[in-house]
Asker: 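Once you've had a glance at the structure underneath, I'll fire off some questions.
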Number of protein chains: 2
Amino acid sequence: MSKDRPYSALVQRLKGAGLRPTRQRLALAKLLFEAPGGCDRHITAEQLHAEAVGDSVRVSLATIYNSLHQFTTAGLLREVVVESGRSYFDTNVSEHHHFYFENSGRLQDIPGELVQLDRLPTPPDDTRVARIDVIIRLQDAE
Amino acid sequence: MSKDRPYSALVQRLKGAGLRPTRQRLALAKLLFEAPGGCDRHITAEQLHAEAVGDSVRVSLATIYNSLHQFTTAGLLREVVVESGRSYFDTNVSEHHHFYFENSGRLQDIPGELVQLDRLPTPPDDTRVARIDVIIRLQDAE
DNA sequence: ATACTTGCAAATCGTTTGCAATACC
DNA sequence: GGTATTGCAAACGATTTGCAAGTAT
């Protein structure tokens with residue numbers, strides 16, 4: 001993995017989330033949150049694993065899954081399910097929605113403000129809204 | 001399977017969808033579309049298989065999957081993905097959205113009119129909106 | 001020191017596939 | 001009869017687990 005300055009920021013981020021800054025978690029956090037060319041990544045476990053391996057980070061797939069879920073639980077990531085059997089992890093945890101390109105399987109963020117969601121039905125008794133997902137599924141033009 | 005009058009309506013429905021009204025497809029269609037107590041079912045392949053078996057309908061799980069997908073392609077069903085690794089098939093194919101009870105894994109329809117979806121972003125070039133899914137994820141009350 | 005993490009390999013889950021046997025038109 | 005459909009069992013991909021070995025505080 002391309003080592004450079006101390007991971008102080010990432011270490012803080014992990015500690016703040018209650019996660020021990022282990023070698024693997026740091027490397028994955030670096031790949032996820034400090035990817036060259038900005039943020040907002042939508043990545044699967046397999047993809048992240050491939051990236052890690054390609055970057056000479058030794059991590060097992062099991063640890064990738066563990067870490068992704070831990071990051072998600074800690075609020076550092078958000079899981080997006082578009083198709084059965086494929087989970088994307090989104091580095092953008094602010095309120096937003098998604099375009100889903102059905103042909104390529106690609107996901108693209110839509111800023112929260114761009115979708116006006118009013119006149120929602122009241123949630124049933126004894127429940128609270130945990131999250132609202134809007135997925136706009138796209139196909140090739142007609 | 002509780003046999004009674006001829007399946008004429010179901011036969012028509014299948015034929016109209018370009019599907020041969022085989023014994024299995026008829027039985028599944030009956031379970032899906034003529035369930036006692038109204039429509040709007042959200043069912044998984046495994047659940048439908050269990051229902052069929054419980055109703056003494058001999059169908060293999062493979063055929064359940066085949067049929068569900070054929071019905072979906074034909075527009076008789078709609079597939080809804082809420083969690084990775086679990087597909088629900090919805091007998092309501094009109095425009096609508098869903099409440100998802102994260103605790104029970106249950107899905108509930110929200111009539112299309114109850115959600116005001118305006119000011120949507122314009123889809124990227126060379127694409128058209130195939131469908132918009134709104135899923136309101138619910139947890140137990142605070 | 002000790003509790004938390006990791007890696008591995010096997011297990012599991014939902015779903016799909018290949019293909020011979022069978023049912024529909 | 002000829003094609004579509006089915007069942008079975010094996011194959012599959014994604015994800016999870018159990019547990020021994022390693023690591024952070």
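Here is the naming used below: chain letters follow the sequence lines, and residue numbers restart at 1 for every chain.
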Asker: Among D:dT5, D:dA14, D:dG7, which nucleotide has an atom closest to any side-chain atom of A:Tyr65?
Answerer: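 The answer is D:dA14, which lies nearest to the side chain.
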Asker: Output the rounded distance in Å from NZ (A:Lys15) to C1' (D:dT25).
Answerer: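 So the two atoms are 9 Å apart, to the nearest Å.
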Asker: Between A:Gln70 and C:dT5, does any side-chain N or O lie under 4.0 Å from OP1 or OP2?
Answerer: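 A:Gln70 to C:dT5 OP1/OP2: no side-chain N or O under 4.0 Å.
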Asker: When the nearest nucleotide of DNA chain D is assigned to A:Glu46 and to A:Asn66 on a heavy-atom basis, which residue is associated with the more 5' position?
Answerer: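 With A:Glu46 and A:Asn66 compared, the 5'-side residue is A:Glu46.
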Asker: Of A:Phe89 and B:Ala62, whose closest DNA chain D nucleotide lies nearer the 5' terminus?
Answerer: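 Between the two, 5'-proximity favours B:Ala62.
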Asker: What is the separation between atom CG on A:Leu14 and atom P on D:dA24, rounded to the nearest whole Å?
Answerer: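 After rounding, the gap between these two atoms is 13 Å.
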Asker: Answer yes or no: does a side-chain N or O of B:Thr63 lie under 4.0 Å from OP1 or OP2 of D:dT5?
Answerer: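 False: B:Thr63 side-chain N/O out of range (4.0 Å or more) of D:dT5 OP1/OP2.
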Asker: OP1 or OP2 of D:dA14 less than 4.0 angstrom from a side-chain nitrogen or oxygen of A:Thr44, does that happen here?
Answerer: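 Result: no.
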Asker: Pick out which of B:Asn92, B:Thr91, B:Asp109 makes a side chain to side chain donor-acceptor pair (under 3.5 Å) with B:His42.
Answerer: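 With B:His42 as partner, side chain to side chain donor-acceptor pair (under 3.5 Å) holds for just one option, B:Asp109.
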Asker: Is the shortest side-chain N/O distance from A:Thr22 to OP1 or OP2 of C:dT6 below 4.0 Å?
Answerer: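 Checking C:dT6 against A:Thr22, a side-chain N or O does come within under 4.0 Å of OP1 or OP2.
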Asker: Write down the distance between NE2 (A:His69) and C1' (D:dT15), rounded to a whole number of angstrom.
Answerer: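 To the nearest whole Å, that distance equals 8 Å.
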Asker: Could you check B:Asn66, B:Ile64, B:Thr63 and say which one makes a side-chain contact (heavy atoms from CB on, under 4.5 Å) with B:Gln24?
Answerer: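 Only one option passes, and that is B:Thr63.
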Asker: Which residue, B:Pro21 or B:Ala45, contacts DNA chain C at a nucleotide closer to its 5' end, judged by nearest heavy atom?
Answerer: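 Its nearest nucleotide lies further toward 5', so the answer is B:Ala45.
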Asker: I need the NE2-P distance between B:His49 and C:dT15, as an integer number of Å.
Answerer: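 From B:His49 NE2 to C:dT15 P: 13 Å.
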Asker: Would B:His98 and B:Asp90 count as having a side-chain donor-acceptor pair, cut-off 3.5 Å?
Answerer: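 Their side chains do contain a donor-acceptor pair, which is all the 3.5 Å distance test asks for.
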Asker: Can A:Leu120 and B:Val115 be said to form a side chain to side chain contact (heavy atoms under 4.5 Å, CB included), step by step?
Answerer: CA-CA 5 Å; A:Leu120 289 174; B:Val115 174; 4.1 Å; yes
Asker: I need the CG-P distance between B:Leu61 and C:dC13, as an integer number of Å.
Answerer: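 After rounding, the reported distance stands at 13 Å.
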Asker: What integer distance in Å separates A:Tyr88:OH from D:dA14:C1'?
Answerer: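 Distance, rounded to whole Å: 13 Å.
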Asker: Return the value, rounded to whole Å, for the distance between atom CZ of B:Arg20 and atom P of C:dC25.
Answerer: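 Result: 6 Å.
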Asker: Check the side chains of B:Asp133 and B:His97 for a donor-acceptor pair under 3.5 angstrom, ignoring hydrogens and angles.
Answerer: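 Not at all, the side chains of B:His97 and B:Asp133 share no donor-acceptor pair under 3.5 Å.
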Asker: Starting from P on D:dT23, measure out to CZ on A:Arg25 and report it in whole angstrom.
Answerer: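 Roughly 15 Å, once rounded to whole Å.
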